[in-house]
Trainee: 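One structure, as structure tokens, below. Some questions next.
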Amino acid sequence: MTRTEEFEELRPLLFSIAYRILGSVSEAEDAVQETWLRYELSPARPESARAFLSAVVTRVSIDVLRSARLRREEYVGPWFPEPLLTDPYEDPEQSAELADSLSMAALLLLERLSPLERAVFVLREVFAFGFPEIASAVGRSEAACRQLAVRARRHMDAGRPRFEADRKEREELAERFFDALREGNVDGLRELLAADVSLVGDGGGKAPQWARGFHGADHVSRVLAGLFPPFFGIGGVVEPHQVNGQPGALFRDRDGKVLNTWTLDVLGGRIQAIRTVSNPDKLGHLGPVADAWAVLRETQQVRPDAN
């Protein structure tokens with residue numbers, strides 16, 4: 001097998017590691033490309049391409065994350081990870097860990113960890129790497145990596161939300177939710193929302209967003225019921241889709257361009273949180289991006305209370 005063939009076989013794993021460390025599709029893709037360049041220039045073939053490439057992509061991702069942290073501190077409004085529709089890496093023996101670590105809630109929780117803690121947690125808890133491999137990847141002793149893993153697991157367990165595992169039930173609830181959204185059915189929306197539900201958006205200052213979000217079933221249901229029937233009336237489309245392993249959707253304008261993504265956190269048969277990403281910088285990998293400001297203006301013009 002050539003180097004190129006080895007690398008392409010491992011590319012899904014490398015991207016999945018990088019994405020979970022970085023929370024960014026574009027940065028993960030860049031980290032994988034940098035890993036290939038270093039592999040191509042390596043004078044000797046490593047004994048294990050998987051171990052070597054995983055170590056390289058982890059180191060690259062840690063460096064990128066350290067600089068990204070500074071940019072995220074200056075980010076306008078809430079920061080959410082770039083939405084991912086499909087995880088390219090699959091492993092039946094770790095399917096639960098892979099799915100759990102992909103959710104928006106889990107990725108936001110990972111943001112609380114230091115870059116080293118995050119990398120160690122991802123390699124150990126998600127991909128089940130051994131501590132010798134992890135130590136080589138992050139440049140720390142095995143003992144230090146074990147301490148980092150314990151500390152990271154403690155932080156994650158303390159804040160980890162417990163979402164329902166039954167995918168069919170979650171998808172059925174999401175279908176009912178988006179049907180009620182299309183109809184502007186306040187009561188139908190309210191009965192699907194948890195009492196303390198939150199609706200929060202990431203526009204990055206480059207797209208319309210809800211400044212501090214909306215909270216509470218009554219408030220959120222009324223906001224949604226008032227805004228979205230006019231949106232659908234001007235040709236807007238909601239396309240239900242798994243987003244970061246959770247029930248969600250892509251919203252598109254009448255021309256099919258991506259407007260934003262939504263993810264729904266479900267627990268106890270109710271939607272606990274709705275997170276939207278409309279920052280155009282985070283949507284380009286999903287296809288052509290819509291002019292969200294123009295869509296909002298047109299939507300407002302046809303709202304019943306606009307006249």
Side-chain angles (χ1 to χ4, degrees), residues 13-25 27-28 31 54-55 57-59 61-66 68-69 72-73 75 78-84 87 89-91 93-131 133-135 137-167 170 194 196 198 200 202 242-248 263-268 272-275 277:
L13 170 64
L14 303 179
F15 173 85
S16 293
I17 291 172
Y19 178 75
R20 286 165 172 82
I21 294 176
L22 293 166
S24 166
V25 173
E27 290 175 349
S54 298
V57 82
T58 297
R59 292 189 207 112
S61 298
I62 289 172
D63 289 341
V64 172
L65 182 59
R66 284 174 173 149
R69 282 285 173 88
R72 290 174 191 177
E73 289 176 0
Y75 196 79
W79 180 94
F80 292 160
E82 288 184 17
L84 184 67
D87 186 0
Y89 179 72
E90 296 180 359
D91 184 342
E93 294 184 1
Q94 297 161 263
S95 59
E97 292 81 1
L98 289 168
D100 183 58
S101 65
L102 198 63
S103 73
M104 283 280 182
L107 290 170
L108 288 171
L109 205 53
L110 282 168
E111 286 290 306
R112 302 181 187 180
L113 306 181
S114 71
L116 273 179
E117 288 173 340
R118 185 164 180 166
V120 169
F121 181 87
V122 166
L123 292 177
R124 180 63 181 174
E125 300 297 326
V126 181
F127 295 96
F129 278 70
F131 280 108
E133 291 176 293
I134 296 171
V138 303
R140 296 292 188 273
S141 68
E142 287 186 42
C145 288
R146 291 179 187 277
Q147 291 179 339
L148 287 165
V150 169
R151 194 156 60 236
R153 193 181 306 117
R154 187 183 304 125
H155 285 306
M156 293 295 289
D157 288 344
R160 187 190 302 275
R162 301 298 178 184
F163 301 126
E164 296 191 6
D166 189 324
R167 171 171 287 190
R170 289 185 301 159
D196 58 349
S198 61
V200 185
D202 171 353
Q242 288 283 311
V243 182
N244 285 81
Q246 298 171 268
T263 55
L264 310 178
D265 291 347
V266 178
L267 178 65
Q272 305 288 325
I274 304 169
R275 295 186 179 89
V277 176

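Throughout, residue positions are numbered sequentially from 1 according to the sequence presented. Only a predicted model underlies this, so the values are computations on that prediction, with no experimental measurement involved.
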Trainee: Quick check: closest heavy atoms across R20 and L98, and the distance to 0.1 Å?
Mentor: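 Closest approach of R20 to L98, heavy atoms only: NH2-O, 3.0 Å.
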
Trainee: If we count only N and O atoms by modelled type, under 3.5 Å, do the side chains of D202 and Y75 hold a donor and an acceptor together?
Mentor: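 Judged by distance alone, the side chains do pair up.
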
Trainee: Once rounded to the nearest 0.5 Å, what's the spacing between atom CD1 of I21 and atom CZ of F121?
Mentor: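 One finds 12.0 Å between CD1 of I21 and CZ of F121.
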
Trainee: Flag the pair R112 / H155 as yes when at least one side-chain heavy-atom distance between them is below 4.5 Å, and no otherwise.
Mentor: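 Counting from C-beta outward, R112 and H155 never come under 4.5 Å.
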
Trainee: Hey, are the side chains of L108 and W79 touching, using non-hydrogen atoms and a 4.5 Å cut-off?
Mentor: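 Answer yes - side chains close enough.
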
Trainee: Working to the nearest 0.5 Å, report the span between CD of Q242 and OG1 of T263.
Mentor: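 Q242 CD to T263 OG1: 10.5 Å, rounded to 0.5 Å.
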
Trainee: Rounded to the nearest 0.5 Å, what separates atom CD1 in I134 from atom OG in S54?
Mentor: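 It is 10.5 Å, given to the nearest 0.5 Å.
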
Trainee: Please report the shortest heavy-atom distance between Q246 and M104, naming the atom on each side.
Mentor: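 Looking at all heavy atoms of both residues, the shortest contact is OE1-N, 3.0 Å.
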
Trainee: Side-chain contact, heavy-atom cut-off 4.5 Å: P81 with Y19?
Mentor: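 P81 vs Y19: side chains touch.
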
Trainee: Verify side-chain contact (heavy atoms from CB on, under 4.5 Å) between I274 and S198, making sure each step is shown before the conclusion.
Mentor: CA-CA 6 Å; I274 304 169; S198 61; over 6 Å; no

Trainee: Grab the two heavy atoms, one from E97 and one from V126, that are nearest each other, plus how far apart they are.
Mentor: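 Scanning both residues completely, I find the closest heavy atoms to be CB-O, 3.9 Å.
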
Trainee: When you compare the side chain of Q272 with that of D196, does any pair of heavy atoms fall below 4.5 Å?
Mentor: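 Touching, per the 4.5 Å side-chain cut-off.
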
Trainee: Before you tell me yes or no, could you show the steps for V120 and R153 under side-chain contact (heavy atoms from CB on, under 4.5 Å), namely the whole-Å CA-CA distance, both residues' side-chain angles and the distance that decides it to 0.1 Å?
Mentor: CA-CA 10 Å; V120 169; R153 193 181 306 117; over 6 Å; no

Trainee: Check L107 against N244 and note the closest heavy-atom contact, atom names and distance.
Mentor: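 Taking L107 first and N244 second, the nearest heavy atoms are CD1-ND2, 3.5 Å.
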
Trainee: Calculate, to the nearest 0.5 Å, the distance between atoms OG1 and CZ belonging to T58 and R118 respectively.
Mentor: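 It is 12.5 Å, given to the nearest 0.5 Å.
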
Trainee: For the CD atom of E133 and the CD atom of E142, what is their distance to the nearest 0.5 Å?
Mentor: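 Answer rounded to 0.5 Å: 10.5 Å.
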
Trainee: Would R124 and L148 count as a side-chain contact (heavy atoms from CB on, under 4.5 Å) here? Give the steps.
Mentor: CA-CA 10 Å; R124 180 63 181 174; L148 287 165; over 6 Å; no

Trainee: Please round to the nearest 0.5 Å and tell me the distance separating atom CD of Q147 and atom CG of L116.
Mentor: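 Spacing of CD (Q147) from CG (L116) equals 12.5 Å.
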
Trainee: Does CD in E90 sit with more than 12 non-hydrogen atoms of other residues, nucleotides or ligands closer than 6.0 Å?
Mentor: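 Result for CD/E90: open.
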
Trainee: Are R69 and E111 packed together at the side-chain level, in the sense that at least one heavy-atom pair is separated by less than 4.5 angstrom?
Mentor: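 Yes, close enough: below the 4.5 Å cut-off.
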
Trainee: Shortest non-hydrogen contact from P83 to V243?
Mentor: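 It is CB-CG1, 3.8 Å.
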
Trainee: Side chains of F15 and L84, heavy atoms from C-beta outward: is any pair under 4.5 Å?
Mentor: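 Yes, close enough: below the 4.5 Å cut-off.
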
Trainee: Does a side-chain heavy-atom distance below 4.5 Å link I17 with F129?
Mentor: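 Side-chain contact under 4.5 Å: yes.
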
Trainee: Can you see which heavy atom on S24 is nearest to which on E82, and at what distance?
Mentor: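 What the structure gives for the nearest pair is OG-OE2, 3.0 Å.
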
Trainee: Could you check whether any side-chain heavy atom of C145 comes within less than 4.5 Å of a side-chain heavy atom of V138, counting everything from C-beta outward?
Mentor: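 Result yes, sub-4.5 Å side-chain heavy-atom pair found.
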
